[in-house]
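Shown next, in structure tokens, is the structure this report addresses.
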Amino acid sequence: MAESKKEAVIKVVGEKPAKKTAAKKETVANEAAVETKVEVAATQVAEPAKKPAKKAAKAKAPLYINGRYVVEKQLPAKPAKGDKPYEVAKKQIKVTLIKSTAGCLKDQQATVKALGLTKIRSSNVLPDNAAIRGMVFKVKHLVVVEEVK
């Protein structure tokens, strides 16, 4: 029986125990009980820790607010690489500054400057595209827009 006890101790020494077991502290009064406790501790340490499984992607359920179905906003597709979204159009517009930018917001003053307008009654002919239209919309209370033929 002493030999089997040594084998059990060798198993425990070879592996890293999770906790200190009471089997090591007990006296050898009941050798069979000590052997079984040591073996149980060794098998608990030998099992590798299982990683939690990744959560499966849930299918999006329809969104209801106050009993009404809310449609998610669909963003427009981004232009492909190499596309020119602000190509020079055939049409052109003439933008004229009719009011002063004094007292306006800083971003509105910067937009007027980016349009090439410096003083009142100064004008600039620009391509008619979405970028310029957006800039004109931002300062629509300061400028007048005419179509150039």
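Bear in mind the structure is a predicted one, so any value in this text is a computation, not a measurement. Reckoned from all heavy atoms, side chains included, excluding hydrogens, waters and symmetry mates.
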**Asked** Say you draw a straight line from OG of S123 to CG of L97; how long is it, rounded to the nearest 0.5 Å?
**Response** 10.0 Å

**Asked** Could you give the distance from CD1 (I98) to CD1 (I120), rounded to the nearest 0.5 Å?
**Response** 9.5 Å

**Prompt:** Among K91, R133, K94, which one satisfies salt bridge (Lys or Arg N to Asp or Glu O under 4.0 Å) with D128?
**Reply:** R133

**Asked** So do the side chains of N124 and L115 get within less than 4.5 Å of each other, counting heavy atoms only?
**Response** no

**Request:** State, to 0.1 Å, how close S122 and T118 come at their nearest heavy-atom pair, and which atoms those are.
**Result:** OG-N, 3.3 Å

**Prompt:** How many angstroms lie between CG in N129 and CD1 in I93, if you round to the nearest 0.5 Å?
**Reply:** 8.0 Å

**Prompt:** Can you check whether T101's main-chain N or O pairs, donor with acceptor, with Q109's side chain at less than 3.5 Å?
**Reply:** yes

**Asked** Which atoms form the tightest heavy-atom contact between V139 and Q108, and what is the distance?
**Response** CG1-O, 3.7 Å

**Request:** Taking all heavy atoms of K138 and all of H141, pick out the closest pair and write down the distance.
**Result:** O-CE1, 4.0 Å

**Message:** Check whether N66 reaches the backbone of R68 with its side chain - one donor and one acceptor, N or O, closer than 3.5 Å.
**Reply:** no

